[in-house]
Amino acid sequence: MSTPKSAPFQDRPLAEVVEELTAEVRELYTADEVPWVIGYSGGKDSTAVLQLVWLALKDLPAEQRTKPVHVISTDTLVENPVVAAWVGQSLDTMRTAAQQQALPIESHKLTPEIKDTFWVNLIGRGYPAPRPKFRWCTERLKIKPSNAFIRRVVRRHGEAILVLGIRKTESHARARAMTKHEKGRVRDRLSPNGNLPNSLVYSPIEAWSTDEVWAFLMQYSNPWGYDNKDLLTMYQGASDDSECPLVVDDTTPSCGDSRFGCWTCTLVEQDKSMTAMIRNDDEKQWMRPLLKLRNELDDVNSESETRDFRRMNGTVQLFHDGTIRGPYKQFAREDWLRKLLDAQAKVRNHKKAPEHVRGIELISMAELHEIRRIWVFDKHEVEDSLPEIYEQATGEKFPGLPLDEQLVLGAEEIGLLKEACEDDPIHFSMTRELLSVERQYRTMTRRAGLFEALEKAIKKGYYEDADDALEFAKKLQELRRVPTQETLNEETTDAPA
């Protein structure tokens, strides 16, 4: 296996650069009582930064190692399973090693709230698979959990210093952002954080290249006991050409360009890392069901059939000659759940799946309960179909408690309702919602909001079909453009003589 060539570090020896940086870390660490928060993803950059801080703190006298250093890692719950297992084991190893070495380093695994998880929003609420112009996932899955933790630290201590593995060579956008914040730096190396008040950013490897990062990781042993060569192997397996080439000039690609993230990500054209893992390693064939489902999520050709012509709030919004598509329809959300549970079963039962994957949860029971609640109470899908889908897909009885009989309709009742609506899907869904709203308010002492809820259901079901909704929206747009007599009179009165 080839490894990246040691980069020049501006013609200085690696040891000199590392000594200079660890001295800087010690100086900044002992300068005040502000706690540090290190963002750790398990990748090469965050590993290098944490390793630098760890080495620096080890060289401090025990009486100076008093300020807490929080290592936070955000698990989106849809991370690439290989990377998720790596990070989880690394955090456990880190926790034990910090205690043994008497270092004030505490590791924290963060997860999004149930209401913010990927599947609750996609399968539960019907949010379409994320797109560059509708990137609803990053804020909910990554930013909110980490920001909530940082805000807690700031509330407790008044301030926090974020230590991040960001580098200018990652992208032009990243370089521009870092250069912009450099103007407000204090103590030479701490930049203001534009999103979180009372927090500063320290980026010790901001000027390093990818190959300099690998040179450091390969020549300095991981101080908490994890093998950096295994990290290199993981990156190697996620590269298209299955190797980390010897770098001879700045045009040579490096295995460090491999990108890991959510296996459900549809913000990129192709999940190259997962595809490469499957291609390069016969023992990772168990990941094929995940890749298949991810590619189906990324297929936009069927969205005219699977997504509602109305927005989440029931309104119709024009865009060019058509309407902006809304959430996934009921049948599509139910189908995504079946496919997800089927993929989970296939991964668990794959003959080459490693032991830690055999009990994998692609979707948690807490998420299933929340999806069920959204379907029945928020979307008024009173069939309560989730338990049946779960039982058909897993062969096991759904462990959730039965819902109030007042709120659920049986298969026979649903059949009669469809028959009464003459199988008109819009008429059926409106009538079902009206019945559901009435049942929800039936047992309330005060029924404030009942008429508003009924009116909303009727407005949502006002249209005959998508074409009728489009024509209505166009007429409404034209009416808004045509000035009224009153408006014309005002314009005449206000016009200059």
Side-chain angles (χ1 to χ4, degrees), residues 75-81 84 111-131 134-142 144 261-267 271 289-300 302-308 310-313 325-348 360-394 396 398-400 403 408 425 429 432-433 436:
D75 181 358
T76 63
L77 304 180
V78 283
E79 297 291 324
N80 180 307
T111 56
E113 295 183 44
I114 291 299
K115 66 182 179 65
D116 289 330
T117 67
F118 185 86
W119 296 120
V120 164
N121 281 282
L122 189 138
I123 294 177
R125 295 187 175 89
Y127 282 18
R131 305 293 174 204
F134 188 43
R135 193 170 180 158
W136 55 264
C137 52
T138 307
E139 173 72 20
R140 290 173 171 83
L141 304 185
K142 295 183 177 182
K144 286 178 69 174
C262 303
W263 66 267
T264 56
C265 185
T266 50
L267 295 171
D271 189 331
L290 306 188
L291 187 60
K292 180 175 182 292
L293 181 56
R294 181 262 166 211
N295 291 339
E296 289 178 358
L297 283 170
D298 199 25
D299 181 12
V300 297
S302 62
E303 291 197 345
S304 60
E305 297 296 325
T306 59
R307 291 175 59 184
D308 202 328
R310 297 160 292 192
R311 307 303 300 273
M312 195 75 75
N313 60 6
R325 288 283 165 180
Y328 287 124
K329 297 177 183 178
Q330 180 180 354
F331 83 88
R333 287 181 277 107
E334 291 175 343
D335 195 40
W336 287 130
L337 179 58
R338 290 188 187 93
K339 289 178 177 179
L340 178 60
L341 292 172
D342 180 59
Q344 178 175 274
K346 287 179 178 176
V347 171
R348 287 178 174 181
I360 193 171
E361 275 193 345
L362 298 184
I363 183 169
S364 69
M365 195 55 64
E367 290 175 288
L368 288 168
H369 286 305
E370 178 63 7
I371 290 170
R372 184 190 187 192
R373 186 199 67 77
I374 291 171
W375 284 4
V376 174
F377 293 96
D378 295 351
K379 292 188 174 294
H380 308 287
E381 293 164 1
V382 290
E383 302 96 312
D384 190 23
S385 59
L386 188 143
E388 183 181 357
I389 293 172
Y390 179 87
E391 290 172 22
Q392 290 174 349
T394 66
E396 301 173 0
F398 184 70
L403 297 180
V408 178
S429 62
R432 181 184 61 182
E433 184 168 342
S436 174

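Under the side-chain contact (heavy atoms from CB on, under 4.5 Å) criterion, His369 pairs with Met365, Phe398, sequence neighbours left out. Residues satisfying the side-chain contact (heavy atoms from CB on, under 4.5 Å) test with Pro289, not counting sequence neighbours, are Ala343, Lys346, Val347. Applying the salt bridge (Lys or Arg N to Asp or Glu O under 4.0 Å) test to Glu296 and every residue at least two apart in sequence or in another chain returns Lys292, Lys339. Remark: Asp299 pairs with no residue by the salt bridge (Lys or Arg N to Asp or Glu O under 4.0 Å) rule, at least two apart or across chains. Partners of Thr111 according to the side-chain hydrogen bond (donor to acceptor under 3.5 Å, both in side chains) rule, which considers only residues two or more places apart in sequence or in another chain, do not exist here. Residues satisfying the salt bridge (Lys or Arg N to Asp or Glu O under 4.0 Å) criterion with Glu79, sequence neighbours excluded, are absent altogether. Applying the side-chain hydrogen bond (donor to acceptor under 3.5 Å, both in side chains) rule to Gln344 yields no partners; only residues at least two apart in sequence or on another chain are considered. Applying the side-chain hydrogen bond (donor to acceptor under 3.5 Å, both in side chains) criterion to Glu361, with sequence neighbours excluded, gives no partner residue. For Arg372, the salt bridge (Lys or Arg N to Asp or Glu O under 4.0 Å) partners are Asp384, not counting sequence neighbours. Residues passing the side-chain contact (heavy atoms from CB on, under 4.5 Å) test with Glu396 are Tyr390, Thr394, sequence neighbours excluded. Judged as a side-chain hydrogen bond (donor to acceptor under 3.5 Å, both in side chains), and not counting sequence neighbours, the contacts of Arg307 are Glu303. With sequence neighbours left out, Ala366 forms a side-chain contact (heavy atoms from CB on, under 4.5 Å) with Ile114, Ser364.
Using bins of under 30°, 30° to 60° and over 60° for the plane-to-plane angle, the ring pair Trp136/Tyr127 lands in the perpendicular bin.
With respect to the salt-bridge test (charged N to carboxylate O, under 4.0 angstrom), the residues Glu113 and Lys144 do not qualify.
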